[in-house]
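Each chain gets a letter, A, B and so on, in the order its sequence line appears, and its residues count up from 1.
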Amino acid sequence: MILIALLLFMAVTAFWLVWLRDLFAVVMLSGIYSLFAAALYVVMDAVDVAFTEAAVGAGISTVFMLGTLSLTTTREKGRKKPSALALVLVFVTGGVLIYGTFDMPRYGDANAPINLNVANRYIEKSAGEVGPPNIVTSVLASYRGFDTLGETAVVFTAAIGVLIIIGRSKPAPRNSETLSQPAAFRRRRDDPPAQEPDGSGDPTP
Amino acid sequence: MMVDKTLLRVVAKLLIPLILLFALYVQFHGDFGPGGGFQAGVIFAVAFILYALIFGVRMARRVIPAAVSRSLLALGVLIYGGTGVVALLQGGEFLDYGVLGATRMSGQHLGIYVIEFGVGLTVASAMITIFYTFAGHESATVPFRKGNRNADGR
């Protein structure tokens, strides 16, 4: 029951996200979406995943998105006319994806492939082979140590990529106000409303 | 500057030590409860980002200079990979922590602690580095863009 309610909330949030044009609200809503996802994982007993989703999805990526907004703009550009081909493509892809889920085992099925292979071994032997009571940690850090090394390298690469593309951050000049407070975080109530037709609120001389 | 807002300043000062403490708890208690290096790193970085948002990036840079966060970024991966190499040198396989301690279990325990620390270090400094880059970029290299001018030009 809770699962269905949460999924419903997520679906509503997703549609709302598509509908909105104010990117500031979009960022906030995607944080809320992540929070629902985290709640869903908690209900499904995947607390480690929920923890990551709440910290990364709802927390830090929202901050980074706001940072990106401060570097670009907070309003979506005017939309192109919807094309029939795109609509058909979206429906076909969605249909195929939904059709694919019909073959999936029921949630919690003991005979599901995921419950037949290494999972049992981890549950039975990890206490004797690795030790930590939290099996997730044993799997992540020891059994799948290579994967986690790769993940760490991915995070490392992401930061290096940002450094290369945006450039190293410069030390702030003494009197600079803007440097100490990115624009998106300074957003005020008297911001132009997002529904403005494109360009009319643009004060560029 | 948000530092003028008394409420924000006081609440942030109250919260930041707690967030840091929670990050350390998540880091070193990961084998017993949910959590681990990745989550801990993010939470640790969030404390600094909160500080930077309230007190300004310039103050945050005095706590962790950008050069330090860049070096720690690499150090974390080095610690992780280095643990694997040490295991190799001890006669085991790459990332086989069993050979690191007196018994296999103590070795596993030590290995997991060390690599989780490496993960936490990399993740935390990656987040801080990315934040510094985003926040420090604006007027430093790029002139005002439309969005910015709308946000603070009126």
Working note: A/T137 + B/E116, criterion side chain to side chain contact (heavy atoms under 4.5 Å, CB included); need CA distance, chi angles, decisive distance, verdict.
CA-CA 9 Å; A/T137 301; B/E116 289 277 13; 3.7 Å; yes
Please determine whether side chain to side chain contact (heavy atoms under 4.5 Å, CB included) holds for the pair B/M105 and A/V130, giving the CA-CA distance in whole Å, both sets of side-chain angles, and the decisive distance to 0.1 Å.
CA-CA 6 Å; B/M105 291 292 276; A/V130 183; 6.0 Å; no
Please evaluate residues A/I60 and B/I130 with respect to the criterion side chain to side chain contact (heavy atoms under 4.5 Å, CB included), reporting the C-alpha separation (whole Å), side-chain torsions for both, the decisive distance (0.1 Å), and the verdict. CA-CA 11 Å; A/I60 204 136; B/I130 295 176; over 6 Å; no
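Nearest heavy atoms, A/L163 versus B/R70: CD1-CD, 3.6 Å. Between B/V42 and A/A55, the shortest heavy-atom distance links the atoms CG1-O, 3.6 Å. When all heavy atoms of A/D48 and B/Q39 are compared, the closest pair comes out as O-NE2, 3.2 Å. Listed here is the closest heavy atom pair of A/S142 and B/I112: CB-CD1, 4.3 Å.
Surrounding OH of A/Y33 are at most 12 heavy atoms belonging to other residues, nucleotides or ligands under 6.0 Å away. Shown here is B/F117, whose CZ atom has no more than 12 heavy atoms of other residues, nucleotides or ligands within 6.0 Å. Within 6.0 Å of atom CG in A/L116, more than 12 heavy atoms from other residues, nucleotides or ligands are found, so the atom counts as buried in its surroundings. Heavy atoms from other residues, nucleotides or ligands lying under 6.0 Å from CD1 of A/I2 number 12 at most. Counting heavy-atom neighbours within 6.0 Å of A/F9 CZ, excluding the residue itself, gives a total of 12 or less. Atom CG of B/L18 has more than 12 heavy atoms from other residues, nucleotides or ligands within 6.0 Å.
A heavy-atom distance below 4.5 Å is not found between the side chains of B/F32 and A/N134. The side-chain heavy atoms of B/F134 and A/V63, taken from C-beta on, include no pair separated by under 4.5 Å. In this structure the side chain of A/T148 reaches within 4.5 angstrom of the side chain of B/V119, judged on heavy atoms. At least one side-chain heavy atom of A/L149 sits under 4.5 Å from a side-chain heavy atom of B/F94. Here the side chains of B/P34 and A/V136 are not in contact, with every heavy-atom distance at 4.5 Å or above. No side-chain heavy atom of B/F38 sits under 4.5 Å from any side-chain heavy atom of A/F51.
Note that OG1 of A/T152 and CD1 of B/I115 are 7.0 Å apart. Values are rounded to the nearest 0.5 Å. With values rounded to the nearest 0.5 angstrom, A/F64 atom CZ is found 5.0 Å from B/I49 atom CD1.
Tested against B/T133, the residues A/L71, A/I165, A/I166 include a single side chain to side chain contact (heavy atoms under 4.5 Å, CB included) partner, A/I166.
Using a distance-only test at 3.5 Å, with no hydrogens or angles considered, no donor-acceptor pair links the side chain of B/Y80 to the main chain of A/A153.
With a 4.5 Å cut-off on non-hydrogen atoms, B/A74 touches chain A through its backbone and its side chain both. For chain B, no part of A/E151 is nearby; none of its heavy atoms comes within less than 4.5 Å. In this structure, chain B has no heavy atom under 4.5 Å from any part of A/A46.
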